[in-house]
Amino acid sequence: MVAENVKKQLALAVRSIQWSYAIFWSPSATQPGVLEWGEGFYNGDIKTRKTNQAVELNSDQIGLQRSEQLRELFESLATAEATPQTKRPSASLTPEDLTDTEWYYLVCMSFVFNVGQGLPGRVLVNGQPIWVHNAHIAEKCIHSGTILIFPYLTIFIQVNLVTSQLGLGIKTVVCFPFLEGVVELGTTDLISEDLGLIQRIRTAFLDILDAKDPKKSGPSLKTRYDIDVASVALDHNAYDANYTSPNSSSNAFEANQQLHETYMVERINGGASQVQSWQVMDDELSNGVHNSMNSSDCVSQTFADPEKIASVPNDQNQTDFPCAQDLQECNNTKITSGDLQGDQWHYQQVLSVLLKGSDQLNMGSHFQNNRKEFSFVRWNKGESMGCQRLGGGTSQNLLKKVLFDVPRMHMDGLLECQEENDFKDKERMKPEVEEIGMNHVLSERRRRAKLNERFLTLRSMVPSISKDDKVSILDDAIEYLRKLEKKVKELEACKELVDLETKTKRKPQDMVERTSDNYFNNKTDNGKKPMLNKRKACDIDETWRDDESVALKDSSTNSITISMSNSEVLIEMKCPWREGAMMEIMQAISSFHLDFHSVQSSEADGNLYLTIKSKFRGPTVASAKQIRQALLKAAWKC
Amino acid sequence: MDNSTQESHLRSENSVTYESPYPLYAMAFSSTPPLPSSHQRIAVGSFIEDYTNRVDILSFNPDSLSIRPHPSLSFDHPYPPTKLMFHPNAHSSLRKSSSDLLATSGDYLRLWEVRENSVDTISLLNNSKTSEFCAPLTSFDWNDIEPKRIGTSSIDTTCTIWDIEKGVVETQLIAHDKEVYDIAWGEARVFASVSADGSVRIFDLRDKEHSTIIYESPQPDTPLLRLAWNKQDLRYMATILMDSNRIVILDIRSPTMPVAELERHRSSVNAIAWAPQSYRHICSAGDDSQALIWELPTVAGPNGIDPMSMYSAATEINQLQWSAAQPDWIAIAFANKMQLLKV
């Protein structure tokens with residue numbers, strides 16, 4: 001039935017548009033009313049090019065060869081029995097060599113379609129091309145045919161196909177009627193509908209077939225048939241309408257016309273010669289009807305036996321049986337139907353995975369039916385947008401806590417006991433189980449143990465520890481360090497003064513003195529606050545504050561505090577009392593062009609306490625540091 | 001029914017709600033399918049940032065749509081459980097009739113036997129041979145093909161594979177450069193993990209020297225927080241990123257390039273779960289308080305993929321589990337509630 005050169009034409013057609021494959025679905029010779037694999041040409045990606053290619057082939061030949069090999073492989077798989085390895089070498093390809101697209105192509109060989117079923121089946125009924133470029137839909141409609149599953153292939157389908165790209169690779173599929181069957185073209189690219197493309201293919205394709213057909217006769221008469229074969233086929237009358245009456249044909253046409261669709265129409269003459277028309281116009285139609293009378297045969301005989309259609313159930317479960325028949329008829333395998341029953345589970349699973357998947361989660365119907373029973377509603381963009389953004393600040397709040405915070409909390413909790421353990425571990429540590437892993441864990445644990453050890457040491461060194469946690473230990477240590485730094489500076493300054501004092505001596509001068517008890521002591525309490533904060537907090541240009549450390553309270557050291565705000569200068573100081581010290585200090589200060597507002601002084605425990613409020617005459621010229629140095633010199637020079 | 005008095009659930013038209021005295025995070029369905037007029041066990045773990053956490057066992061009756069707590073089966077779990085999981089296989093040598101095995105992770109991996117009226121610790125699995133210390137576990141997964149295997153992920157960058165029948169470490173691998181946040185089994189010996197280093201890696205126990213990076217987050221070092229491997233079609237896995245509303249669907253055969261990114265959540269995603277019975281469906285839940293069910297198309301449209309259906313909860317959904325034993329039920333956790341949703 002299938003013309004010898006169909007394959008070549010398929011090859012030319014599919015290669016001309018650079019698609020992945022072309023399949024000709026032809027009516028089954030053994031099962032009337034069913035479309036099965038007729039011919040195919042594979043033009044897609046090839047994973048492994050076998051090295052045993054003896055001769056250099058052009059790409060055309062390679063494609064043909066590949067298609068042959070694929071067919072061989074399929075047949076070897078299909079006929080293989082329980083011990084497939086014994087028979088497999090007959091094929092030059094092994095399943096492992098196949099690309100996804102090739103798998104798809106290979107599996108297609110096992111498909112059969114009832115009229116009206118699947119993409120090819122529907123094309124046959126409608127007689128019009130179907131273009132599917134949304135593979136989401138394609139997957140559903142292409143493969144709702146019946147698969148002939150062979151035991152060995154079943155395994156392969158499960159192993160390879162289910163986990164491979166079936167349906168995913170092929171993104172655009174086109175089917176159109178041709179001869180008595182249907183041509184299917186597919187590509188991995190997403191190509192939007194283009195009826196012109198189909199026409200071009202058909203023209204090129206068919207012209208060649210025509211030219212090669214020696215039996216072609218009277219083409220001029222038959223160049224324009226405008227009859228929808230499939231419509232006729234489905235027509236109840238079509239069963240016995242092989243010799244069509246004008247009436248039935250025009251009925252078919254009217255039916256078509258009502259649909260307002262463009263049908264690709266074809267007609268077969270003697271099974272070989274064929275012509276087509278495109279874009280049926282009303283005026284052409286009458287011609288078409290006339291011409292149709294001349295054509296003597298009709299494909300409907302093959303396909304449109306209503307009884308057959310009725311007898312082939314659509315349900316997959318029920319098609320098991322016809323499959324079993326096919327299996328035995330076509331492949332001479334020795335599987336009993338009992339075995340097949342045993343394979344039913346596999347079969348069902350493969351089918352459901354391969355063909356649909358959607359029946360596994362049959363949610364579509366839920367939405368319509370018992371809406372109340374189900375929690376989920378159909379997703380709606382608007383509704384979703386209306387939903388307010390929740391959570392405010394942090395996202396994934398709890399998830400982050402679980403992943404980030406809980407481990408930390410765990411670490412803290414383990415700190416103590418871990419320390420002890422780690423010390424104990426050190427002696428007997430040996431990598432176990434997985435050396436690298438354990439080493440890592442152990443080294444990490446060692447590191448942490450060391451850390452904790454150091455923390456303990458630090459803690460013991462810092463006198464004022466408020467709390468036991470690590471942060472407090474560090475805070476206190478920082479504070480303590482700052483104090484010590486200050487102390488060092490102070491002592492250095494003191495040492496400087498002592499040096500100076502030993503060099504020069506001056507006479508004391510008179511000065512107005514007033515006493516003020518404890519004034520100084522009250523002020524010094526601020527000393528514990530961090531210096532940095534204090535500096536930034538007030539609007540004083542520069543502050544120098546020397547604090548009396550708790551530890552050194554009783555020593556005879558000095559303290560000078562100079563606060564400057566605008567042009568006002570407040571000086572508080574304490575120094576060892578001596579004759580004339582007051583005078584010298586005032587003198588030293590006056591050299592900075594200061595006007596004195598008030599001067600308070602007191603004497604206690606051999607120390608001189610002095611508080612001076614003053615103001616710069618004119619623009620500020622001296623920094624607090626300069627004043628301070630001058631004061632230090634003056635106070636301790638003797 | 002004497003049950004009715006102690007039932008603390010709220011039943012609305014389309015969901016069954018259990019209200020816990022404390023915030024909930026971890027959650028697990030028993031894998032034993034309920035017999036007719038029977039119930040399915042559900043374990044819920046509290047999330048309290050203290051050492052006072054608990055695991056409660058509930059039973060859910062899908063016929064009467066009721067949830068009943070079993071106070072006698074509650075047990076202390078001082079650290080917040082990071083994950084709960086029942087034994088994945090209904091028939092196992094470790095299991096006795098009418099009892100369930102429950103695993104919990106947190107400070108350690110623990111196994112509990114849940115009987116009719118009591119719960120007992122079977123084992124505490126500490127992967128350190130040398131001390132009481134075990135790096136905190138972020139998650140674990142029970143191998144459903146080889147149920148003696150449990151893999152745990154830890155912040156110490158390692159994954160540990162346990163043989164729980166023998167109670168020994170089968171192997172421990174440094175899986176990532178940073179903390180490992182989730183782990184999922186694909187096959188008996190193959191698992192994958194996600195980490196703070198932003199990568200998804202696949203490991204094969206037969207070749208421990210190597211791992212395969214199959215995805216890395218676009219901004220370097222954006223942590224990947226959760227991983228779900230499609231048990232119906234092992235080609236696919238899904239992961240979520242920190243602070244992202246995206247669910248990244250990966251095809252293990254095309255590494256580095258996600259096959260799809262689902263971006264319809266209005267804020268960050270907290271949990272994902274593949275449908276136990278379909279290879280094309282995945283559920284996700286996030287801070288936008290929505291649970292979305294997606295059907296993966298074979299080809300994504302230009303505007304991305306829209307979810308198939310949605311459910312809106314009262315507040316951020318933190319956890320999501322899809323019952324393998326009863327695939328038409330999904331459990332979500334938000335605040336102190338667990339809600340069972342009919343799919």
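Chain identifiers are assigned alphabetically (A, B, ...) following the order of the sequence lines, protein sequences preceding nucleic acid strands; residue numbering begins at 1 within each chain.
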Below 4.5 Å from any heavy atom of chain A, which atoms of [X] appear? Answer side chain, backbone, both or neither.
{"X": "B:Asp182", "answer": "neither"}
{"X": "B:Ile332", "answer": "neither"}
{"X": "B:Ser244", "answer": "backbone"}
{"X": "B:Ala26", "answer": "neither"}
{"X": "B:Glu49", "answer": "both"}
{"X": "B:Asn270", "answer": "both"}
{"X": "B:Tyr181", "answer": "both"}

Main-chain N/O of [Y] paired with [X] side-chain donor or acceptor, under 3.5 Å:
{"X": "B:Lys231", "Y": "B:Gly186", "result": "no"}
{"X": "A:Ser375", "Y": "B:Lys342", "result": "yes"}
{"X": "B:Ser284", "Y": "B:Ile272", "result": "no"}

Under a 4.5 Å cutoff for heavy-atom pairs, which residue among B:Asp50, B:Asp306, B:Ile330 has the most contacts with chain A? B:Asp306

Got a salt bridge between A:Lys400 and A:Asp405, using NZ or NE/NH1/NH2 to carboxylate O under 4.0 Å? no

Side chain to side chain contact (heavy atoms under 4.5 Å, CB included) partner of B:Gln172, chosen from B:Thr152, B:Ile161, B:Thr160: B:Thr160

Proximity of B:Tyr22 and B:Phe47 rings by center, below 6.0 Å: no

